[in-house]
Asks: 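Sending over a structure as structure tokens; questions will come in a sec.
Just so it is clear, the structure is predicted and the values come from calculations on it, not from any experiment.
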Amino acid sequence: MTEYRAPTREMVFTLQHVAGFSEMVKACGYEEASEDVVRAILEEAARFSTTVIAPTNAVGDRQGVKLDQNGVVKTPEGFREAYQQYADSGWASLQFNPEFEGQGLPFSLAIPVQEMWHAANMAWGLCPLLSQGAVEALSENASDELKRKLLPKMVSGHWTGTMNLTEPQSGSDLSGIRTQAVRDGDIYRIKGQKIFITWGEHDLAENIVHLVLARLPDAPAGVKGISLFAVPKFIPDDHGNIGTRNDCRAVSLEHKLGIHASPTCVMSYGDNDGAVGYLVGEENRGLACMFTMMNNARLTVGLQGVSISERAYQQALAYTRERTQGTAPGDTGLSAIIRHPDVRRMLMTMKALTEAARALAYKGCVAVDFAKGKHLPDDLRARQQRRADLLTPLVKGWCTEIAQEVTSLAIQCHGGMGFVEETGIAQHYRDARILPIYEGTNGIQALDLIGRKTIRDNGMAVRELLADMQASADTAREQSLLTQERQSRFDQAVAFVEDATRIVLEHRADEAFTGSVAFNYLMLSSTVTAAWLMLESASKANGTKSNDDKFAAQKLITTNFFFDHILPRCSGYLTALRSGDEAVMALSETDL
């Protein structure tokens with residue numbers, strides 16, 4: 001398997017100049033996050049990801065995880081050592097509050113760092129991903145006493161966190177949750193079973209804090225009666241040190257298509273006296289509290305799509321440079337297959353999709369930081385919150401969808417060797433397949449986009465986004481950046497989103513219609529937003545090309561390819577959307 005190398009130049013450029021990190025830092029008072037500091041952090045993270053985490057990827061896929069008779073999960077060779085180095089080096093604390101031993105840096109600065117972890121080993125990276133989401137949920141919703149008890153060790157990475165939502169009878173629809181919580185003085189006793197709990201049990205850290213959704217005996221029915229509890233594996237004392245073992249354990253592990261080294265557990269709570277749980281937020285308000293973690297996870301799962309795409313692209317690029325087969329146009333004798341036009345088409349598709357997805361993910365995360373800016377006027381923070389809310393389903397949905405395409409093309413670039421496990425490229429394809437499923441399937445992301453993020457505000461956030469796109473198009477015209485044909489293609493794509501949004505708003509009362517067109521609306525909106533960010537990338541690179549003519553030229557070539565090969569897909573999305581539910585709902589269930 002090809003060694004992973006983090007594309008730090010690309011990451012720094014995208015973060016600073018395309019996603020708006022530089023502007024956010026100035027506006028929100030993050031003076032310490034200078035360009036030199038950003039570069040230093042990313043360079044060190046690149047070294048750590050390449051030398052410490054990446055070597056565990058293939059061995060983790062082969063060895064998987066094992067649950068012993070004592071209910072302890074044994075992780076693959078090297079995982080524990082890599083995690084201990086990660087925690088001891090302070091990587092877990094980058095974006096968190098210094099009050100709890102965090103470094104106080106922007107959330108969006110931690111995003112390219114996390115991209116490296118997931119590209120190096122996505123199964124391993126899921127542990128810090130869930131832990132950081134749990135820290136966010138506790139930071140936003142827990143009592144001061146509970147924060148003091150749990151957060152210092154979690155922020156440091158020496159304790160990890162999980163998210164416990166799903167039950168055998170209750171998946172995406174959480175209204176059917178049966179796990180019970182009973183008041184017992186200052187604590188609650190939790191009893192029930194959860195499934196699909198990522199990193200629910202392991203040997204990497206000394207304690208695991210489970211965030212568990214459960215229902216009180218007198219709770220209202222449905223989602224309005226769900227509460228959130230922190231349930232530690234070991235109950236901490238008043239000083240935050242681990243104490244007695246709690247009444248919770250992993251009873252089995254799932255055998256999965258991919259991410260073999262990430263333990264996906266069935267967790268049992270309260271087999272004896274009931275697991276000790278601490279209320280997070282208010283009773284019967286648990287789903288609102290959990291959404292803090294879920295929104296964080298949706299952005300970082302989208303980021304995983306970027307990561308696995310980058311890893312697959314790097315490996316395909318290296319293989320096509322080494323593999324000789326046939327004679328390419330203009331060559332004599334055997335050619336490296338990268339010389340063949342169709343192979344170059346596949347590589348360019350992978351490259352363009354990955355760079356666009358990175359820009360989209362970073363942009364969404366910078367908007368999160370902007371929205372929290374304490375020094376900003378309320379109207380600007382509200383606008384940035386709308387932007388973050390709007391981009392979240394786009395990041396989660398589109399970035400994970402393109403990961404399916406990129407990892408599949410990576411196998412195709414390998415030819416028959418891609419279909420055998422020895423090359424390692426199949427692992428990326430298998431690992432990527434979970435991404436459109438968890439943290440809310442992409443169908444749910446599409447419904448969220450069309451319902452909560454478009455219809456609810458009468459299209460305000462979409463109109464604001466389209467205005468920014470049109471401003472970028474005007475700048476590109478001034479620079480004479482694109483050919484007239486490509487400029488017109490982008491203008492038309494922006495008009496497509498405008499038209500689609502009008503259609504959606506006109507049919508807002510028809511749930512069958514909006515449900516049928518939601519996915520096409522997601523893909524249309526995402527593809528045009530990605531094209532906008534590619535245009536921004538080419539424009540910003542062109543503005544500084546005297547410093548690096550080659551980089552600017554590469555950016556323009558990749559943007560042109562995106563406009564020629566990816567952006568035309570929008571016509572199909574709009575055609576399907578205009579047809580509404582005719583084809584989708586035409587057949588009865590028995591005819592399908």
Asks: Does atom CD of Glu77 have more than 12 heavy-atom neighbours from other groups under 6.0 Å away?
Replies: no

Asks: Is a salt bridge present between Arg80 and Asp203, judged by a nitrogen-to-oxygen distance below 4.0 Å?
Replies: no

Asks: Under 6.0 Å from the six-membered ring centre of Tyr188 and within 45° of its axis: does the NZ or CZ of Arg183 meet both?
Replies: no

Asks: For residues 257-286, which residue pairs pass the ring pair (Phe, Tyr, Trp, His ring centres under 6.0 Å) check, not counting sequence neighbours?
Replies: His210-Tyr269

Asks: Are the charged groups of Asp61 and Arg430 less than 4.0 angstrom apart, N to O?
Replies: yes

Asks: By side chain to side chain contact (heavy atoms under 4.5 Å, CB included), which residues pair with Ala359, not counting sequence neighbours?
Replies: Thr14, Val18, Leu533

Asks: In terms of heavy-atom contacts, does CG of Asp238 have more than 12 from other residues, nucleotides or ligands at under 6.0 Å?
Replies: no

Asks: Does Glu167 pair with Lys194 as a salt bridge, N-O distance under 4.0 Å?
Replies: yes

Asks: Taking 4.0 angstrom as the limit, do Asp457 and Arg386 come out as a salt bridge?
Replies: no

Asks: So Asp431 and Gln427, side chain to side chain donor-acceptor pair (under 3.5 Å) or not? Walk me through it.
Replies: CA-CA 6 Å; Asp431 287 353; Gln427 181 191 344; 3.2 Å; yes

Asks: Answer yes when Lys396 and Glu439 have at least one side-chain N-carboxylate O distance shorter than 4.0 Å, and no when they do not.
Replies: no

Asks: Taking atom OH of Tyr438 as the centre, report whether more than 12 heavy atoms of other residues, nucleotides or ligands fall under 6.0 Å from it.
Replies: yes

Asks: Could you check Glu310 against Gln314 for side chain to side chain donor-acceptor pair (under 3.5 Å), going step by step and ending with a plain yes or no?
Replies: CA-CA 6 Å; Glu310 175 66 37; Gln314 286 191 19; 2.8 Å; yes

Asks: When you look at CG of Asp218, are more than 12 heavy atoms from neighbouring residues, nucleotides or ligands closer to it than 6.0 Å?
Replies: yes

Asks: Verify side chain to side chain donor-acceptor pair (under 3.5 Å) between Ser175 and Asp173, making sure each step is shown before the conclusion.
Replies: CA-CA 6 Å; Ser175 62; Asp173 179 5; 2.8 Å; yes

Asks: In this structure, are over 12 heavy atoms from other groups packed under 6.0 Å from Glu145 atom CD?
Replies: no

Asks: Please name the pair of heavy atoms, one in Tyr83 and one in Gly157, separated by the smallest distance, quoted to 0.1 Å.
Replies: OH-O, 2.6 Å

